[in-house]
Number of protein chains: 2
Amino acid sequence: MTPSDPRTAATRRALLDAATDALREVGYAGASAREIARRAGCNQALVFYHFDSVTGLLLAALDDVSERRLAEYRDTLAGARTLRELVDAAERVLAEDVDAGHVAVLTELLVAAASVPGLDVEVEARLAPWRALAQDAVARAFELVPLAGMVPPEEAAHVVVATLLGLELLAGAGDGLATTDRLFDRARTVAALLEPEPGPSAGPDRATEASRAPRPRTARP
Amino acid sequence: MTPSDPRTAATRRALLDAATDALREVGYAGASAREIARRAGCNQALVFYHFDSVTGLLLAALDDVSERRLAEYRDTLAGARTLRELVDAAERVLAEDVDAGHVAVLTELLVAAASVPGLDVEVEARLAPWRALAQDAVARAFELVPLAGMVPPEEAAHVVVATLLGLELLAGAGDGLATTDRLFDRARTVAALLEPEPGPSAGPDRATEASRAPRPRTARP
DNA sequence: GTCTATACTTGGATAGAC
DNA sequence: GTCTATCCAAGTATAGAC
């Protein structure tokens, strides 16, 4: 479906990346064809040639980011065996996304979906795999805590997704991001309380050393 | 500060209400001076005469909504004595806000704050009282549950605010609102588990009858 | 495939009549 | 205080040259 001409692919790639950056830095309202093309270093008309419309490009950018990030999430979460490891994995991969602005792409389009006529179904469809992933993670966590079964995984997953998006939202204005770090520390504390002993066979704190290394933090422009 | 001329007040009132409606229905991107004036039934130039700029009007609308809703929240939460009552109160007042679109005003401006240059400090300032309110409610709840003190109220409040905003965000696209109802049912279930006996003196289920009455639901346009 | 040029639309903002 | 008229900037989208 994608043409094999290398120049075409390069332009499309540049536009997709530029669209992501634009959504992160100037939001949906500021992500115009001209603004994106300027960032991509190409002409404004190419947006319409390759993606029909600005909205088409933005949705394609969301597809692009989702595909790559979902793979990363699935791999990382698959390796987690304890509640602690689950929290650590979530922190690692989520922090990466927040820093790179991948979450912002989703939130911006989600907000726009509430107003722009046909956009809601498109965004909802692209949100579905994330719901499924969250539900999977929640189901896994529920196997590990005594309270499991009190809350259906779909609803818990819905709240999890909502919370992550809300945190990203608050990070946009004000001090939000600073607290997100400490947040995961708290989550670990709570996890330690909820989690039953994983058995005395393994070392006492295997997951700790690897995951507690200070993560490099990229500043927002 | 507000002039006493009734006609002036009426126009300002109409513009504020129209701005709220516009933010809810067409989002920040669609809330132009012309669009708002059309809804208010007056001329586009009056936006600039009374509020200097479109952004000025939108922030004034946020002030207006916040002031009224904060009073309502404080009253409702003040009356809650048990965890169950706290959850019930939160559901009642929050559902009202979601239906009327008051939360949307905040989310829209919050998202815009991430992109529009000077907007972040303005919105952050107006978010502060809500943070404080959430912190108060959380602190109250923590007095009632055994796990209290594990998590500092500021961080918990931050998460609470984020979750509510996230739920509103998801409600915009897709089936979000439907699950919000069931969500509070789950919260009640969890609350019942966490809450120690309130003492055998009071009747067994005083709060139940009053707050479980089916709430009238207004549909989104 | 990519660019320039352009038609058309919408929005922010101001001047001046009433 | 409110309206009409208007200027100007920015955006979507298309036609046609290269």
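Sequence lines set the chain letters: A, B, ... in the order given, protein chains first and strands last, and positions in each chain run from 1.
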Integer-rounded Å distance: [N] [atom2] and [X] [atom1]:
| X | N | atom1 | atom2 | result |
| --- | --- | --- | --- | --- |
| A:Leu46 | D:dA13 | CG | P | 15 Å |
| A:Leu58 | D:dG11 | CG | P | 13 Å |
| A:Ile36 | D:dA10 | CD1 | P | 17 Å |
| B:Arg38 | C:dG11 | CZ | P | 10 Å |
| A:Gln44 | D:dG16 | CD | P | 17 Å |
| A:Arg13 | C:dG1 | CZ | P | 17 Å |
| B:Arg34 | C:dG12 | CZ | P | 8 Å |
| A:Phe48 | D:dG16 | CZ | P | 18 Å |

Would the distance check show the side chain of [X] and the main-chain N or O of [Y] forming a donor-acceptor pair, the cut-off being under 3.5 Å?
| X | Y | result |
| --- | --- | --- |
| B:Gln135 | B:Ala157 | no |
| B:Arg140 | B:Ala80 | yes |
| A:Glu85 | A:Arg81 | yes |

Give [X] one of three labels, base, sugar-phosphate or nothing, depending on what nucleic acid heavy atoms sit under 4.0 Å from its own.
| X | value |
| --- | --- |
| A:Val47 | nothing |
| A:Ala45 | base |
| B:Glu35 | nothing |

> Would one find a side-chain N or O of A:Thr11 under 4.0 angstrom from OP1 or OP2 of C:dT2?
Replying inline: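 So the side-chain polar atoms of A:Thr11 do come within 4.0 Å of the phosphate oxygens OP1 or OP2 of C:dT2, strictly under.
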> Looking at the side chain of B:Val54, which of C:dA13, D:dT2, C:dC3 is the nearest nucleotide?
Replying inline: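 For the B:Val54 side chain, the nearest candidate turns out to be C:dA13.
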> Among C:dA13, C:dC3, D:dT2, which is the nearest nucleotide to the side chain of A:Asn43?
Replying inline: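 Closest nucleotide to the A:Asn43 side chain: C:dC3.
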> With side chains defined as the heavy atoms from C-beta onward, is the minimum distance between A:Leu169 and B:Val111 less than 4.5 Å?
Replying inline: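 The answer is yes, as the side chains (C-beta and beyond) meet within the 4.5 Å cut-off.
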>> If we check side-chain contact (heavy atoms from CB on, under 4.5 Å) with A:Phe51, which of these qualifies: A:Leu46, A:Leu16, A:Leu59, A:Ile36?
In response: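 Only match with A:Phe51 under side-chain contact (heavy atoms from CB on, under 4.5 Å): A:Leu16.
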